Amino acid sequence: MDIKERLGIFCFYDKDGIVGEYIKTYLESILPYLKELVIVCNGHLSDRGKSILKKYTGKIFVRENRGMDGGAYQDVILNILGLDYIHKYEELLMFNDTIYAPIDSWETVFAKMQSEEVDFWGLTQNSTKKIPLHIQSYFIMFCKKVLHSEEFAFFWRSLDAGQNDKNKVIANFEINLTYFLEKKGYSWDTFSHCADKDMCRNPYFFLHNERIPALKRNIFSHLGDIMVTDEERKKAELYVKEQSEYDFGMIVEELRRKEGRGVNELRSKKPEPVVRAEREICWEEMLSYASRYEKCYLYGNTLNAYVLSNLLEPEKIKGIIVSDAYSAEKTSAGKDAVLQWSEVSNEGEGLIVTLGYQNAKKLKNKIVKKFPEAMFCWEL
């Protein structure tokens, strides 16, 4: 496809507003595939950072850090550029700065995916027992059929990006985007079809086996200490150094700047084993449970609650419940009311408990006294 017909929106965030070398490398690798690039920065952008980004585009927008990447894309599509401007293009690439790239050439990815007859596509997909299959939104392409559709416009107009609530952004933007468009009849695919492994926890697998030309940045960070083993992280490091032309020094530079330590100082923490007697419930079972009731409550202002509220019909949700002890959490949940436990009485509604495992265990006896048929999803 002619690049004259493709627009790219790049979402960038750095708490100090610094544009690192890895950003320059990433943008330079993507520019050949775009006619126009727009950069939206959440929060602060230093003068030097702005000067660097001007080399790639004249359209640089700095906005309040609200709604993370979902909120940034929404703002650009609806307010900064507008849908009429977006519709001048045949394709739209939305991508963000959460990866180091390209570890390998983009050409293989674009050649393969452009040959697929789908309405939107990405690099990787993910699903769990609690979350339906979806495209991971750090790199996602929309083709003309969906880009110019009323459903695409409706999604952005109705998106609750949740200010800076990460759970809302993941549920309402990343996960629901695929689910919503698929439900409307649009087709999609990903370069990698591996959905049972996590890109952050299995970086070497996605580099070596799936040939994904990208590495999640949080692998080499304090978050990586929790998410990935030392062995897996070292294998990913050696792959980049020995099997690619990517300058690993850029990763070292970012780690040193942001955390004041080197790669050799990274040490993964072994999670404590959790003994569970209960069976983990999948999202299809939760939908089946909800179908038996006219209305349902969700207990827990959590990612699972937001995901489930998107999967259920809007009129099915009576509200999201939080414990009285956490009344500070009683904030707007968008289309769903947030209620304290003491405000709720059982008038024949269903109740799905979406709390973490330990909290659900602690509150189980109190919950089943009021809702004897409550369903516990037993999320770790």
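Not measured: the values here are computed from a predicted model.
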Considering residues, nucleotides and ligands other than Lys370, do more than 12 of their heavy atoms fall under 6.0 Å from its NZ? yes
Hey, do the aromatic rings of Phe139 and Trp106 have their centres closer than 6.0 Å? yes
Does Phe12 have its ring centroid less than 6.0 Å away from the ring centroid of Phe61? no
Keeping Ser158 on the side-chain end and Phe154 on the backbone end, is there a donor-acceptor pair under 3.5 Å? yes
Would you check if there is a donor-acceptor pair between the side chains of Tyr306 and Asp160 at a distance under 3.5 Å? no
Electrostatic pair Glu278-Lys361, nearest N-O below 4.0 angstrom: yes
Has Tyr289 got a side-chain atom pairing as donor or acceptor with Leu351's backbone, closer than 3.5 angstrom? yes
Is the CD atom of Glu294 crowded by more than 12 outside heavy atoms at less than 6.0 Å? no
Between Phe180 and Phe155, how do the two ring planes meet: parallel, tilted or perpendicular, split at 30° and 60°? tilted
Side-chain donor or acceptor of Glu21 paired with backbone N/O of Met250 under 3.5 Å: no
The reported gap from CD1 in Ile23 to CG in Asp97 (rounded to nearest 0.5 angstrom) is 4.5 Å
Between Ile80 and Tyr13, is there shared hydrophobic-cluster membership here, with clusters defined by ILVMFWY side-chain heavy atoms closer than 4.5 Å? no
Under 6.0 Å from the NZ atom of Lys184, do we count more than 12 heavy atoms belonging to anything else shown? no
May I ask you to check whether Phe120 and Tyr186 place their ring centres under 6.0 Å from each other? no
Charged N to carboxylate O under 4.0 angstrom, Arg63 versus Asp75? yes
With a 4.5 Å heavy-atom cut-off, do Leu339 and Tyr297 have their side chains touching? yes
With the side chain counted from C-beta on, respond yes when Leu308 and Cys296 share a heavy-atom pair under 4.5 Å apart, and no when they do not. no
Do we get Lys88 above Tyr85's six-membered ring, with its NZ or CZ under 6.0 Å from the centre and within 45° of the axis? yes
Are the charged groups of Asp324 and Lys366 less than 4.0 angstrom apart, N to O? no
If we only count heavy atoms from C-beta on, is the Gln74 to Arg66 side-chain gap below 4.5 Å? no
Approximate separation, where rounding is to 0.5 Å, of Met68 CE and Lys168 NZ: 13.5 Å
In this structure, OG1 of Thr229 is separated from CZ of Arg233 (nearest 0.5 Å) by 8.5 Å
Approximate separation, where rounding is to 0.5 Å, of Leu81 CG and Leu92 CG: 9.5 Å
Crowding at NZ, Lys145 (>12 non-hydrogen neighbours, <6.0 Å): no
Any salt bridge between Lys258 and Asp14, counting N to O under 4.0 Å? yes
Rounded to the nearest 0.5 Å, what separates atom SG in Cys143 from atom CG in Asp119? 7.0 Å
Can you confirm whether Glu265 is buried at CD, in the sense that more than 12 heavy atoms of other residues, nucleotides or ligands lie under 6.0 Å from that atom? yes
I need the single residue from Glu182, Glu116, Gln125 that forms a side chain to side chain donor-acceptor pair (under 3.5 Å) with Trp188. Which is it? Glu182
Taking 4.0 angstrom as the limit, do Lys295 and Glu349 come out as a salt bridge? no
Smallest separation among heavy atoms of Ile99 and Lys216, with atom names: CG2-CD, 4.0 Å
Could you tell me whether the side chain of His44 reaches within less than 4.5 Å of the side chain of Asp16, counting heavy atoms only? no
Taking the six-membered ring of Trp121 as reference, does the cationic atom of Lys112 (NZ for Lys, CZ for Arg) lie under 6.0 Å from its centre and within 45° of its axis? no
What are the two closest heavy atoms between Ser221 and Leu255, and how far apart are they? CA-CD1, 4.3 Å
Nearest atoms (heavy-atom pairs only) where Ile135 meets Gly122: CG2-CA, 3.7 Å
Using 30° and 60° as the class limits, which term best fits the ring planes of Trp156 and Phe173: parallel, tilted or perpendicular? tilted
Ion pair check, Glu253 and Arg257, cut-off under 4.0 Å: no
Donor-acceptor pair, side chain of Glu254 and main chain of Tyr22, under 3.5 angstrom: no
For Lys183, does the NZ atom have more than 12 heavy-atom neighbours from other residues, nucleotides or ligands under 6.0 Å away? yes
salt_bridge(Arg279, Glu285) N-O dist < 4.0 Å: yes
Backbone N or O of Arg201 within a donor-acceptor pair of the Asp198 side chain at under 3.5 Å? yes
Heavy-atom side-chain contact between His148 and His87 under 4.5 Å: yes
Is there a donor-acceptor pair closer than 3.5 Å between any side-chain N or O of Thr178 and the backbone N or O of Ile175? no
Look at atom CG of Asn79 and say whether more than 12 heavy atoms of other residues, nucleotides or ligands are closer to it than 6.0 Å. yes
Output yes when a side-chain donor or acceptor of Lys364 lies under 3.5 Å from a complementary backbone atom of Phe376, and no otherwise. no
Taking the six-membered ring where the residue is Trp, are the ring centres of Tyr138 and Phe95 under 6.0 Å apart? no
Is there a side-chain contact between Glu232 and Asn202, using heavy atoms and a 4.5 Å cut-off? yes
Does the side chain of Leu298 come within less than 4.5 Å of Ile317's, by heavy atoms? yes
Examine distances only and state if a side-chain atom of His134 and a backbone atom of Glu174 form a donor-acceptor pair shorter than 3.5 Å. no
Quick one: do Lys130 and Glu280 make a salt bridge, cutoff under 4.0 Å? yes
With a 3.5 Å cut-off and no angle check, do the side chains of His193 and Asp189 form a donor-acceptor pair? yes
Can you tell me how far CG of Asn42 sits from CG of Leu45, rounded to the nearest 0.5 angstrom? 11.0 Å
Around Glu315, counting heavy atoms of other residues, nucleotides and ligands shown, do more than 12 lie under 6.0 Å from its CD? yes
Regarding Asn304 and Thr302, is there a side-chain donor-to-acceptor distance under 3.5 Å anywhere? no
Do the side chains of Phe205 and Leu238 join up, straight or via other hydrophobic residues, at under 4.5 Å, putting them in one cluster? no
Please confirm whether the backbone N or O of Val240 pairs with a side-chain atom of Gln243, one donor and one acceptor, at under 3.5 Å? no
Is it the case that the side chains of Gln114 and Tyr33 hold a donor-acceptor pair, with the cut-off being a distance below 3.5 Å and no angle test? no
Going through the distances and angles, do Tyr100 and Phe248 end up as a ring-ring contact (aromatic ring centres under 6.0 Å, His included)? CA-CA 10 Å; Tyr100 293 116; Phe248 193 80; 8.3 Å; no
Is there a side-chain contact between Phe191 and Thr124 (heavy atoms, below 4.5 Å)? no
If we ignore hydrogens and angles and just use 3.5 Å, is the side chain of Thr354 paired with the main-chain N or O of Tyr299 as donor and acceptor? yes
Salt bridge Glu5-Lys35, side-chain N to carboxylate O under 4.0 Å: no
